[in-house]
J.: 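One structure, as structure tokens, below. Some questions next.
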Amino acid sequence: LPFSVVNPYYPEDPITVKQLLTHSSSLHDSDKYNKSYVCGGIYVGLGEWLSTYFQNDRNSSTQHTNFLEKRPGEEHHYSNVGYGLMALIVERVEGMPFNQYCRKHIFEPLKMDATGWYLKEVNIQQHATPYLFVPQDKSESIPEEFSKLLETKDVNPDQNNPLCLYSFPNYSDGLLRTSVNDLSHFLIAMLNEGTFRDQQILKPSTIEKMLSPQSQKSEKQGICWHYTGMDNIWGHGGDDPGVQTGVFFNPDLKIGMICLQNNNMGSRTQVLKKMYLTVKDL
């Protein structure tokens with residue numbers, strides 16, 4: 001990386017790629033991450049934003065908001081910024097932007113033609129509007145990071161309020177724009193030893209490692225994916241303003257479930273569980 005990422009509480013302990021992949025790096029998503037959401041396209045590059053993000057800790061001798069007071073590898077703690085760093089590492093190793101790398105090595109081979117990281121890479125006329133449900137008792141105290149994304153300044157309490165199509169610089173942690181159909185191609189590859197039709201994007205040995213415990217601090221943490229504790233179901237959920245998603249699958253039974261919601265209400269877990277049990281019983 002073109003800048004240092006060192007936990008100031010444990011400056012002699014290196015942060016590893018595996019720790020980033022398994023959320024045990026000691027990184028913490030600070031308020032600066034939450035405040036980086038903007039309507040429309042991304043306004044600053046990934047590398048520039050991450051460098052600035054960590055600059056505060058490098059310049060501070062007292063308060064370190066981007067790190068836990070835990071040794072790298074000591075605790076399981078989910079980090080979105082850690083996956084921004086992973087994307088930047090890919091860019092440095094491959095010599096191309098992360099979004100272009102994904103298009104060349106994942107989206108195009110898997111025929112994910114309606115998929116992209118940036119708004120400019122997809123047809124926004126087909127983009128679902130995200131909606132934020134605002135309870136009556138919270139209509140006067142919406143956090144700024146949410147309120148600035150509202151399409152109108154007038155909030156309708158106890159209703160779904162439309163949000164703008166937004167972006168954030170650390171996009172690789174969860175800003176993928178896709179469809180259920182496109183995403184199913186990737187899920188099929190996960191269920192088929194890394195292959196979709198005649199295109200192989202991952203080795204079977206890589207899939208095996210991804211779907212096995214990889215963290216000493218969490219028996220449910222694989223590489224990227226999480227074990228649910230039910231049957232042999234692995235997956236990952238995602239939440240953002242007006243967005244709730246889930247991709248889960250059982251590689252033994254070759255059953256996969258995808259749930260994409262354009263609001264933040266209801267139980268994604270219950271929807272996915274009902275999908276799974278319905279198909280399992282067939």
Side-chain angles (χ1 to χ4, degrees), residues 1-3 5 15-30 32-55 66 77-110 112 114-122 127 130 145 165-179 182-183 185-187 189-190 201-202 206 210 214 221-226 235-247 258 260:
L1 294 172
F3 52 85
V5 181
I15 293 173
T16 69
V17 168
K18 185 174 182 179
Q19 289 169 357
L20 292 174
L21 285 169
T22 57
H23 298 288
S24 58
S25 64
S26 76
L27 288 176
H28 172 68
D29 298 340
S30 70
K32 187 170 183 180
Y33 171 81
N34 296 328
K35 294 177 180 178
S36 68
Y37 289 55
V38 295
C39 287
I42 299 171
Y43 63 95
V44 63
L46 176 64
E48 179 184 351
W49 185 82
L50 284 169
S51 178
T52 303
Y53 179 88
F54 287 104
Q55 186 69 43
N66 300 332
H77 181 81
Y78 195 94
S79 172
N80 290 293
V81 173
Y83 270 67
L85 286 172
M86 283 301 312
L88 189 58
I89 290 171
V90 171
E91 291 190 352
R92 302 288 290 185
V93 171
E94 295 295 327
M96 69 172 66
F98 181 71
N99 65 309
Q100 294 180 19
Y101 176 86
C102 290
R103 181 158 303 283
K104 178 179 179 180
H105 296 282
I106 301 174
F107 305 156
E108 290 181 354
L110 297 185
M112 297 174 69
T115 300
W117 289 105
Y118 295 161
L119 281 171
K120 64 183 180 182
E121 295 178 312
V122 299
H127 199 302
E145 55 262 34
L165 300 185
Y166 56 82
S167 303
F168 46 86
N170 198 69
Y171 69 91
S172 58
D173 75 63
L175 202 55
L176 190 69
R177 321 276 180 167
T178 190
S179 66
D182 268 23
L183 194 52
H185 297 179
F186 182 85
L187 186 49
M190 288 298 304
I201 62 166
L202 292 168
T206 302
M210 294 174 78
Q214 295 293 321
Q221 177 66 63
I223 291 181
C224 306
W225 300 105
H226 303 268
H236 204 298
D239 296 272
D240 259 319
V243 176
Q244 190 177 180
T245 64
V247 178
I258 297 172
L260 305 182

J.: Establish, yes or no, whether a centroid distance under 6.0 Å links the rings of Tyr83 and His23.
T.: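 Yes.
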J.: Could you pull out the closest heavy-atom pair between Lys104 and Glu108, with the gap in Å?
T.: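 Lys104 and Glu108 have their closest heavy atoms at CA-OE1, 4.2 Å.
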J.: Any donor and acceptor pair, going by atom type alone, linking the side chain of Tyr53 with main-chain N or O of Ser30 inside 3.5 Å?
T.: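 It does hold such a pair.
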J.: Using a 3.5 Å distance criterion without hydrogens, assess whether the side chain of Gln19 forms a donor-acceptor pair with backbone atoms of Thr16.
T.: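 Flag set: sc Gln19 to bb Thr16 pair under 3.5 Å.
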J.: Assign the ring pair Trp117 / Phe98 to parallel, tilted or perpendicular, where the plane angle (0 to 90°) is split at 30° and 60°.
T.: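 If you compare the ring of Trp117 with that of Phe98, the planes turn out tilted.
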J.: Are the side chain of Thr52 and the backbone N or O of Glu48 linked by a donor-acceptor pair below 3.5 Å?
T.: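 Yes: the side chain of Thr52 pairs with the backbone of Glu48.
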J.: Kindly give the heavy-atom pair with the smallest separation between Tyr166 and Pro130, and that separation in Å.
T.: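 Where Tyr166 meets Pro130 most closely, the heavy atoms are CE2-CG, 4.4 Å.
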J.: Classify the angle between the aromatic ring planes of Tyr171 and Tyr118 as parallel (below 30°), tilted (30 to 60°) or perpendicular (above 60°).
T.: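 Taking Tyr118 first and then Tyr171, their aromatic rings stand perpendicular (interplane angle over 60°).
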J.: side-chain contact (heavy atoms from CB on, under 4.5 Å), that's the test. Do Asp173 and Phe168 meet it? Break it down for me.
T.: CA-CA 10 Å; Asp173 75 63; Phe168 46 86; 3.5 Å; yes
J.: Partners of Tyr43 by ring-ring contact (aromatic ring centres under 6.0 Å, His included), sequence neighbours excluded?
T.: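 If we apply the ring-ring contact (aromatic ring centres under 6.0 Å, His included) test to Tyr43, skipping adjacent residues, there are no hits.
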J.: With side-chain contact (heavy atoms from CB on, under 4.5 Å) as the test, would you mind laying out the steps for Asn66 and Lys32 before giving the verdict?
T.: CA-CA 9 Å; Asn66 300 332; Lys32 187 170 183 180; 5.7 Å; no
J.: Taking the side chain as everything from C-beta on, heavy atoms only, tell me whether Ile201 gets closer than 4.5 Å to Phe186.
T.: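 Yes, their side chains come closer than 4.5 Å.
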J.: Would you confirm whether His185, through its side chain, and Leu110, through its main-chain N or O, come within 3.5 Å as a donor-acceptor pair?
T.: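 Checking the backbone N and O of Leu110 against the side chain of His185, a donor-acceptor pair under 3.5 Å is found.
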J.: Please report the interatomic distance CG(Leu20) to CD1(Ile223), rounded to the nearest 0.5 Å.
T.: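 Going from CG on Leu20 over to CD1 on Ile223, the span is 12.0 Å.
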J.: Could you report the tightest heavy-atom contact between Leu119 and Leu165, atom names first, then the distance?
T.: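 Nearest heavy atoms, Leu119 then Leu165: CD1-O, 3.8 Å.
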J.: Looking only at heavy atoms, what is the nearest atom pair of Ile42 and Leu175, with distance?
T.: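 Nearest pair, atom of Ile42 first, then Leu175: CD1-CD2, 4.3 Å.
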J.: Once you round to the nearest 0.5 Å, how far does CG of Leu21 lie from CH2 of Trp225?
T.: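 Those atoms lie 13.5 Å apart.
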J.: Any side-chain heavy atom of Gln244 sitting closer than 4.5 Å to one from Asp239?
T.: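 In short, these two side chains touch, coming nearer than 4.5 Å.
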J.: Under 4.5 Å between any side-chain heavy atoms of Leu88 and Phe3, yes or no?
T.: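 A side-chain contact exists here, since the closest heavy-atom pair is under 4.5 Å.
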J.: Is there a donor-acceptor pair under 3.5 Å between the side chain of Arg177 and the backbone N or O of Ala114?
T.: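 No, the answer is negative, given that no donor and acceptor are paired below the 3.5 Å cut-off.
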J.: Taking all non-hydrogen atoms of both residues into account, name the closest pair between Leu50 and Leu85 and its distance.
T.: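 In terms of heavy atoms, the two residues are closest at CD1-N, 3.9 Å.
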J.: Report the C-alpha separation of Arg103 and Glu121 in whole Å, then their side-chain angles, then the decisive distance to 0.1 Å, and conclude whether the side-chain contact (heavy atoms from CB on, under 4.5 Å) test is met.
T.: CA-CA 10 Å; Arg103 181 158 303 283; Glu121 295 178 312; 4.0 Å; yes
J.: Any idea which heavy atoms bring Leu27 and Ser79 closest together, and the distance?
T.: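 Nearest pair, atom of Leu27 first, then Ser79: CB-OG, 3.6 Å.
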J.: Verify side-chain contact (heavy atoms from CB on, under 4.5 Å) between Leu46 and Glu91, making sure each step is shown before the conclusion.
T.: CA-CA 10 Å; Leu46 176 64; Glu91 291 190 352; 4.2 Å; yes
J.: Can you find a side-chain donor-acceptor pair between Asp29 and Tyr78 that sits under 3.5 Å?
T.: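 The answer is no; no qualifying pair exists.
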